[in-house]
Protein chains: 2
Amino acid sequence: MLLHPPGTPRNALTMRLARYVDLTGHERDALAALIESERRLSAGQLLQEQGGPVDGLFVVQQGWLHSSKRLTTGGRQILRFHYSGDLIGTSSIAWSVAAASLTAVSDCIVATVPKANLGRLFAAHPRLGALLYAVACAEKVAMADRLTTIGRMNALQRLTILLLDVLARLRVTAGGVVDTIELPLTQTDLGDALGLTKVHVNRTFRALEAKSMIRRDGRRVTILDEAGMTAATGFVDRYREVATEWLPNP
Amino acid sequence: MLLHPPGTPRNALTMRLARYVDLTGHERDALAALIESERRLSAGQLLQEQGGPVDGLFVVQQGWLHSSKRLTTGGRQILRFHYSGDLIGTSSIAWSVAAASLTAVSDCIVATVPKANLGRLFAAHPRLGALLYAVACAEKVAMADRLTTIGRMNALQRLTILLLDVLARLRVTAGGVVDTIELPLTQTDLGDALGLTKVHVNRTFRALEAKSMIRRDGRRVTILDEAGMTAATGFVDRYREVATEWLPNP
DNA sequence: CGTAACGTTGACAAAAGTCAATACACGTGG
DNA sequence: CCACGTGTATTGACTTTTGTCAACGTTACG
């Protein structure tokens, strides 16, 4: 864990990237210069709306959000959850219209990143550019996993994997042997994330309880049989590391 | 359309990127130096196996392939199709083990790209690095669309979208007013791509025929009512362009 | 001409969705 | 403090969609 000089805004992206490589002082400065202003969101608040104009990206500094898409035919799909250190809104890199909405799940703080700053970063610090590329590729793999889960697994497995996944993320920050999740999501939200209806999410929760896999108290979920849940789904948490040996020198 | 000096291997990635920005001579040289050797595959052949070791990436020079994942619980999910100019096997950027299998759909030619070459490219040509990042972000958006399709649409809509999507890709290369697709995929393959069983794919094909949306002759599919199919699904083909105004100077 | 892979179909089963009623929790204004 | 309203969770009855199993047809190809 590294300290930052007082006065410099805390930058969760720097801390994330520092997990993968040893950052030079210049690189740290460049990452700090990437972000412009901070914004505070309360749970449920909309940061970016699908179809709306976008000026740039965001770094999640604290809390979590999700990105979602609304269908013209009705319905919504939650695409993924974004945690501290994630660079989000990256659809704005390719287009000037948001491809998805960004919504705060918990209270959170995000920093804005104008697109032009990103261009400067690639020019001045190729290694960081390459590292961002590696992270984007890792995220593609994560999306592929989600696609597979939704395309090929049943409701019980889908919900199980979501719980194990959130648990894994939680452990990164919380450390230690966490086994309880505070889920600030409605069952409708979970359904939209899993490709299920809220009614079926409820029944699936009940089934997991009946099998003594989990215990629930309101929106607090306790994982009782992590080994069984892992075995039933083949869940693997792979997203701690990215290969860095191919990166150019700083 | 641009010519390349005789002797220089044709590089589909260069042609792809040249669609987005005007490439300098140096950049063209660097992209040509990226690829190492070419490999010819016949339809159905495996290029890379999930879980197997990976040394680098590939550029699709000709033909098309798909990437797929096998589940520990049985079953397979086809993640996406890869066309000429795509840089594939990018999971190897983040890990040394392949996250997915790569299989030739048609006869095709791929060029190998060692990871280290990519690192050099980022260092020497930041603008190309940034452009690759933009392409990766666009692919994330495409995956998000697929996730939404599979999570929230029924069999009829899913198959319709797949057909419209392949058609759109076909038009990029073929130009003109194509409305017939030669699909070298079995119905089992289509099911694995759509999160359906082969039996249901068959019934869905029949339903599309019954509604006079398509006509089929073997594996040749003719789109009869593109407008109707588009309206029924809200399909939008967005993947022709990426924003480039934020890229650093070459 | 035989074989293997693929496509097609029907009968039936299972999973998930829909609709509707009720329960519960929480915050607000009286 | 209570009544009320709103949003969420829970449940049952029923429908629809999709999957499963098994048979049979078709096509391509040696």
Side-chain angles (χ1 to χ4, degrees), chain A residues 42-45 71 73-78 103 105 149-163 181-211 214-221 232-233, chain B residues 42-45 71 73-78 103 105-107 149-163 181-211 214-221 232-233:
Chain A
S42 46
Q45 205 179 332
L71 307 202
T73 51
R76 183 180 67 148
Q77 177 70 45
I78 290 180
T103 311
V105 172
T149 301
I150 291 188
R152 283 296 182 216
M153 293 185 138
N154 63 28
L156 212 60
Q157 294 173 309
R158 291 187 214 177
L159 182 54
T160 301
I161 285 180
L162 185 143
L163 293 174
I181 307 168
E182 183 69 49
L183 262 190
L185 295 163
T186 66
Q187 293 182 357
T188 302
D189 291 334
L190 291 172
D192 286 344
L194 299 173
L196 299 169
T197 58
K198 61 184 176 173
V199 175
H200 204 65
V201 168
N202 186 281
R203 288 197 265 249
T204 309
F205 258 130
R206 255 73 239 304
L208 277 175
E209 283 181 306
K211 289 173 166 227
I214 63 170
R215 192 187 317 125
R216 282 187 313 153
D217 177 23
R219 290 193 187 158
R220 171 168 295 128
V221 180
T233 55
Chain B
S42 45
Q45 205 179 332
L71 306 203
T73 50
R76 182 179 68 146
Q77 176 70 44
I78 290 180
T103 311
V105 171
S106 67
D107 289 351
T149 301
I150 291 188
R152 282 296 181 216
M153 294 186 139
N154 63 28
L156 212 60
Q157 294 173 309
R158 291 187 214 177
L159 181 55
T160 301
I161 285 180
L162 185 143
L163 293 175
I181 307 169
E182 183 70 48
L183 261 190
L185 295 163
T186 66
Q187 293 183 356
T188 303
D189 292 335
L190 291 172
D192 286 344
L194 298 173
L196 299 169
T197 58
K198 61 182 178 178
V199 175
H200 205 65
V201 168
N202 187 281
R203 290 197 266 246
T204 309
F205 258 130
R206 255 76 236 305
L208 278 176
E209 283 181 306
K211 290 174 166 224
I214 63 169
R215 193 185 317 123
R216 282 187 313 152
D217 177 21
R219 290 193 187 160
R220 171 168 295 128
V221 180
T233 55

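The chains referred to below are lettered A, B, ... by the order of the sequence lines, with proteins before strands, and numbering in each begins at 1.
At the heavy-atom level, B/Gly44 lies nowhere under 4.0 Å from the strands shown. Contact annotation for A/Gly195: backbone-only contact, meaning every heavy-atom pair under 4.0 Å involves sugar-phosphate atoms and none involves a base.
Atom CG in A/Asn154 sits about 8 Å away from atom P in C/dA15, given to the nearest Å. Atom CD of A/Gln187 and atom P of C/dC24 are 15 Å apart (whole Å). Look at CD on B/Glu209: it is 7 Å from P on C/dT8, rounded to the nearest Å. The distance from atom CZ of B/Phe205 to atom P of C/dT9 is 13 Å, rounded to the nearest whole Å. For the pair B/Lys198 NZ and C/dT8 P, the computed distance is 12 Å after rounding to whole Å.
The closest side-chain heavy-atom distance from B/Leu183 to B/Leu190 is below 4.5 Å. Counting heavy atoms from C-beta outward, A/Lys211 and A/Leu156 have side chains that approach closer than 4.5 Å. You'll find the side chain of A/Gln157 reaches within 4.5 Å of the side chain of A/Asn154, heavy atoms only. Side-chain contact between B/Leu208 and B/Leu163: present, with at least one pair of heavy atoms (C-beta onward) separated by less than 4.5 Å.
Counting non-hydrogen atoms of other residues, nucleotides and ligands closer than 6.0 Å to CZ of B/Arg216 gives a total above 12.
Put simply, chain A comes within 4.0 Å of DNA chain D, heavy atom to any atom, from D/dT8 to D/dA13, going 5' to 3'.
A residue-by-residue look at A/Thr188 and B/Met153 shows that A/Thr188 has its nearest nucleotide of DNA chain D further toward the 5' end. The residue among B/Leu185 and B/Arg203 whose nearest nucleotide of DNA chain C is located toward the 5' end is B/Leu185. For A/Arg206 and A/Arg219, each mapped to the nucleotide of DNA chain D holding its nearest heavy atom, the one lying further toward the 5' end belongs to A/Arg219.
Taking 3.5 Å as the limit, the base of C/dT8 and the side chain of B/Arg216 contain no donor-acceptor pair of atoms between them.
Distances were taken from every side-chain heavy atom of A/Thr197 (C-beta onward) to each of C/dG17, C/dT9, C/dC6; the shortest belongs to C/dG17. Each of C/dG7, C/dG10, C/dA16 was ranked by its minimum atom distance to the side chain of B/Asn202; first place goes to C/dG7.
Minimum heavy-atom separation, A/Gln187 to A/Asn202: OE1-ND2, 2.9 Å.
With respect to the salt-bridge test (charged N to carboxylate O, under 4.0 angstrom), the residues A/Lys198 and A/Asp189 do not qualify.
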